[in-house]
Structures are given as C-alpha cells and as structure tokens.
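We count ligands from 1, going down the list as the structure has it; atoms in each ligand are counted the same way.
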Amino acid sequence: MDVFSIEGPVRLSGEVEVKGAKNASLPIMAGAILAGGRSVLQGVPRLLDISVFSELLEQLGCKVERSDDGRLHIDSETVDNPVGEYEIVRRMRASICILGPLLGRCGKAKVSMPGGCAIGDRPVDIHLRGLRELGARIRLEGGYIVAEAPNGLAGAEIFLGGPFGSTVLGTANVLMAATLAKGTTVIESAACEPEIGDLANYLNKMGAKITGIGSPRLVIEGVKRLEPVEYEVIADRIEAGTFMSAAAMTAGELKLKRCRLGDMMAVVDKLRSIGVQVEASDGGCVVAREGPLNTADITTQPYPGFPTDLQAQFMALLSLAEGNSVVIEKVFPDRFMHVAELNRMAARLRKEGAVVIVAGVKRLIAAPVMASDLRASAALVLAALAAEGTTTVQRVYHIDRGYERIEERLNPVGAKITRLKD
Ligand code: EPZ
C-alpha cells in the first residue's frame with residue numbers, strides 16, 4: 001500500500017491539464033453494453049476505478065483494451081454472463097450502473113448489492129423503484145439483486161426523487177434501461193449533473209432518443225437497437241475543483257487546461273467569495289490567490305448546487321480562512337471522515353451532526369494522517385501542501401481511485417509529493 005510523503009508549505013504555480021471525468025466514464029462504459037459491437041472512448045482517465053470497471057465488463061463477456069493512444073475499446077458483441085459478482089461490486093459501488101443496461105440488452109441481470117461505504121449510507125432503493133416502474137421484476141437473493149424482464153421493458157412516467165433530492169447513478173440506470181424500452185419514458189426529478197448530460201449525449205449518438213438533457217425532466221422514446229460509437233468524455237469538474245482549491249490553499253497561481261467552467265458555477269462563485277481569482281482562458285481557466293482567505297458558508301446539494309465531492313477539499317481550504325465558516329453536508333450527511341484527520345494537522349473543526357464549524361487558523365502543521373475515501377484523501381493532500389513540515393498520508397490507493405498519478409501532475413508545478421511503498 002503506497003504512502004505519500006508531502007513537504008510543505010509550498011506555492012503552486014504553472015499549468016495542469018484536467019483529465020476526463022471519472023463519474024462520466026463509468027456510466028458511459030456501462031452504456032456500451034446496450035449495443036453489440038465495438039465502442040471507442042476517448043479521454044477516459046487511467047484510474048483504479050476504471051480498471052475495476054473494465055474487469056467487471058470482461059466478467060459480463062465484453063473485451064476491454066486500451067490502445068497506445070489512450071483510447072478505451074469496449075467490444076460488447078457478446079454479453080453472455082449478465083452477473084455482477086460480489087468480489088468486484090464490493091470494490092466499487094458504481095458497478096451498480098450495469099443493472100439498467102443489462103436489463104435493457106439481455107432482459108435479465110444479477111448484480112451484487114453494494115455494501116457499506118465510508119461516506120455514509122448509500123441505498124439503491126430508488127434505482128430498483130425506477131426499474132420496477134419500467135416493468136422489471138426484481139427480488140433480492142443472497143445479497144444479490146435479481147432482475148428480469150423476459151418480455152422487455154415498457155416506457156412509464158417515473159418520479160425518481162429521493163430524501164436527498166435526485167440520484168445520479170439511479171438516473172443513469174433508469175435512463176439507460178429506458179432507451180431500449182417499448183414506448184416513451186418520462187423521468188421526473190432526474191439528476192442534472194453534467195456527467196448525466198454526457199451519458200445522455202453518448203446514448204443519443206448511439207441512436208437513442210432522449211430530450212430534456214440537463215433538466216430534471218428527461219423524456220426517452222424507446223428504440224429497437226443502439227449502435228456502438230466513438231465518443232469523448234467531458235473533463236472532470238471535481239478534479240478541476242480540487243486543483244483550484246490547491247492553488248487557493250497555497251496562495252499560488254495555476255492555469256488549468258481543459259476545464260469546463262460552465263459546469264462549475266457554484267464552485268467558482270464560492271471561490272470568488274473566498275477571495276480567489278478565477279478567470280476563463282483559452283479552453284480552461286487561471287486560478288490565483290494573493291490576499292487573505294475570507295470565510296464562507298457551504299451547503300452541499302445536487303447539481304447545480306455546490307458538489308458534495310468538493311466539500312472536504314473546501315473544508316481544508318476554509319480551515320485557513322480568517323474567521324469562522326459553516327459547512328453543511330446535505331447529500332451524504334455522514335461524509336466527514338476527513339474532519340478528525342484535518343484536526344490532527346492543527347485545523348479547528350467542530351462537527352455537530354451534518355454541520356461542521358470551521359474556525360480558521362493561521363497555519364496547519366504536518367502530521368501522519370490516514371485516507372478513508374477518495375475526496376477525503378484529496379483534502380489531506382491539499383492540507384499537506386500548505387502545512388509546515390512533512391506529512392505522511394497512508395492508504396493512497398483511495399486517491400488513485402479518482403486522480404490519475406496526482407503527484408506526477410502537481411510536482412511539476414511546485415508540490416513536493418513522494419510516493420513510497422509501505
Ligand atoms: C454519484 O454517486 C457519484 N459517484 C458520487 O461521487 C457523488 O458523491 C454522488 O453521485 C452525488 O453527487 C459516481 O458518479 C460514480 P446519489 P451516487 O445516488 O449516484 C441517496 C466520488 O467521490 N440515495 O446521487 O451513488 C444517497 O444515499 C463519488 O467520485 C437513496 O436514498 O449518489 C445520497 O444520500 C462519491 N436511494 C443521495 O441519494 C437511492 O436509491 C445522493 O446519492 C440512491 C441514492
């Protein structure tokens with residue numbers, strides 16, 4: 001298990017390219033199941049989660065390979081084993097998004113129920129409710145979801161809202177299944193995340209008939225078949241937001257290449273209120289901070305609200321602001337594994353239920369810390385860049401799940417991150 005040794009404080013300065021979006025790539029890879037033949041995906045990042053998902057697709061009968069030019073080739077001519085085994089699903093919850101495409105393509109699927117998660121309770125009841133409304137018969141058996149639609153699926157009007165608002169992968173599952181259903185489906189309270197928009201654009205390129213993309217009301221006219229295509233996934237707004245926070249935390253200046261500011265309005269608005277400059281520049285942006293950090297209140301919400309996947313990184317940032325900030329987590333109320341670790345680095349964070357009071361401090365101090373989940377580990381790396389001394393971050397595999405060789409991208413712009421074998 002790799003460990004990071006990170007020296008601080010540093011000032012980041014230079015250019016970093018933002019990679020393709022993990023959370024668009026995963027459902028888009030699942031979408032390839034819907035068409036028999038060879039799909040070619042560009043811009044899919046080289047991440048642990050992508051490798052695990054490739055393994056999952058191969059288990060279903062697909063062939064997955066990456067060519068020298070970085071494109072991912074998925075041959076889904078054969079999907080003869082519609083089973084998502086526990087051994088793979090337990091390693092990555094997003095595996096659940098094969099359920100809808102398998103039902104659409106094969107009329108049956110058996111997928112392990114995802115287990116527990118460090119960021120909190122993550123049921124899939126809304127996924128199952130939506131697929132049942134499309135006519136699937138679903139039962140739970142030995143920890144597996146067993147779904148059948150021997151006569152195919154049928155279009156329906158479906159309300160997909162839940163206790164915390166829309167569901168991203170729930171929308172992906174129902175959307176993909178509906179593309180091959182008989183008749184028209186309306187999904188109300190659909191997730192509006194740019195990753196869902198990217199998935200819908202990909203499906204339309206395959207021959208699907210989806211309208212209302214980007215809105216909470218998706219209309220899908222079912223078609224008989226879809227064709228494999230070549231497609232480029234969008235840039236990763238969460239990775240971009242992480243690098244923006246890194247520039248802000250180190251009072252640096254970063255030029256982010258391939259960053260879609262239009263997908264990040266809530267994030268950019270918050271950064272500017274904290275005292276960070278964010279300017280668009282030729283297909284990307286420049287992020288810089290000179291003066292002190294202002295305080296801010298953050299409430300996470302489904303898109304277009306402030307993303308929960310940047311909550312930890314902004315908490316680390318606000319820990320250096322002049323005064324008190326309030327962070328409220330409304331999507332995953334228990335998503336605070338980073339709080340105790342940041343306090344080990346002399347931050348002053350007090351958690352009350354789903355709220356954290358961030359009392360700003362003058363400086364952070366290096367300490368040995370432990371990563372617990374993907375975004376929490378990103379926050380620890382950011383804190384270490386600004387902290388005085390050498391921080392060690394254990395369980396780096398968490399960060400490899402969502403950031404492609406982060407040390408190789410940040411060291412050229414001034415970070416001092418060393419990857420060590422534990
Ligand atoms: C996606 O997870 C992302 N993962 C998450 O990113 C992200 O945090 C989340 O959306 C919210 O933006 C991928 O895209 C692979 P949800 P997802 O269903 O779809 C509740 C990262 O760091 N809910 O939108 O699993 C749920 O418990 C990861 O990259 C139900 O109650 O999240 C949560 O409170 C972490 N029943 C809320 O809805 C359901 O059936 C939103 O979850 C489904 C969800």
Out of [options], whose heavy atom sits nearest [atom]?
atom	options	answer
atom 44 (C) of ligand 1	Cys117, Pro123, Pro114	Pro123
atom 35 (C) of ligand 1	His127, Gln301, Arg335, Arg375	Arg335
atom 16 (P) of ligand 1	Thr171, Asn173, Asp309, Val168	Val168

Tell me: protein heavy atom nearest [atom], and distance?
atom	value
atom 4 (N) of ligand 1	Asn23 ND2, 3.8 Å
atom 20 (C) of ligand 1	Phe164 CD1, 4.0 Å
atom 42 (O) of ligand 1	Phe332 CZ, 3.8 Å
atom 25 (O) of ligand 1	Arg122 NH2, 2.9 Å
atom 27 (O) of ligand 1	Asp121 O, 3.1 Å
atom 36 (N) of ligand 1	Asp125 OD1, 2.7 Å
atom 19 (O) of ligand 1	Leu169 N, 2.8 Å
atom 18 (O) of ligand 1	Thr167 OG1, 2.6 Å

Indicate yes or no: does [X] engage [Y] in a salt bridge with an N to O separation below 4.0 Å.
X	Y	result
Arg38	Glu77	no
Lys270	Asp297	no
Glu329	Arg335	no
Glu141	Lys110	no
Lys108	Glu148	no
Asp373	Arg395	no

Quiz item: cation-pi between Lys205 and Tyr231, 6.0 Å / 45°: no

From Ile28 atom CD1 to Ser39 atom OG, the distance as rounded to the nearest 0.5 Å: 10.5 Å

Point-to-point distance, once rounded to the nearest 0.5 Å, from CE of Met176 to CG of Leu203: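 One finds 7.0 Å between CE of Met176 and CG of Leu203.
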
Passing option when Val358 is tested against Asn324, Val327, Thr295 for side-chain contact (heavy atoms from CB on, under 4.5 Å): Val327

Taking heavy atoms and a distance under 4.0 Å, where does [X] meet ligand 1: side chain, backbone, both or neither?
X	value
Lys22	side chain
Val331	both
Ile126	both
Leu374	side chain
Ala94	side chain
Thr308	side chain
Tyr303	neither

Mutual orientation of the aromatic rings belonging to Phe243 and Tyr403 [parallel < 30°, tilted 30-60°, perpendicular > 60°]: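 It falls in the tilted class, 30° to 60°.
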
Among Lys22, Lys19, Arg409, salt bridge (charged side-chain N to carboxylate O under 4.0 Å, His left out) partner for Glu239: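 Output: one option passes, namely Arg409.
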
Per-atom contacts, ligand 1 versus Val124 - under 4.0 Å to a heavy atom: 39 (C), 40 (O)

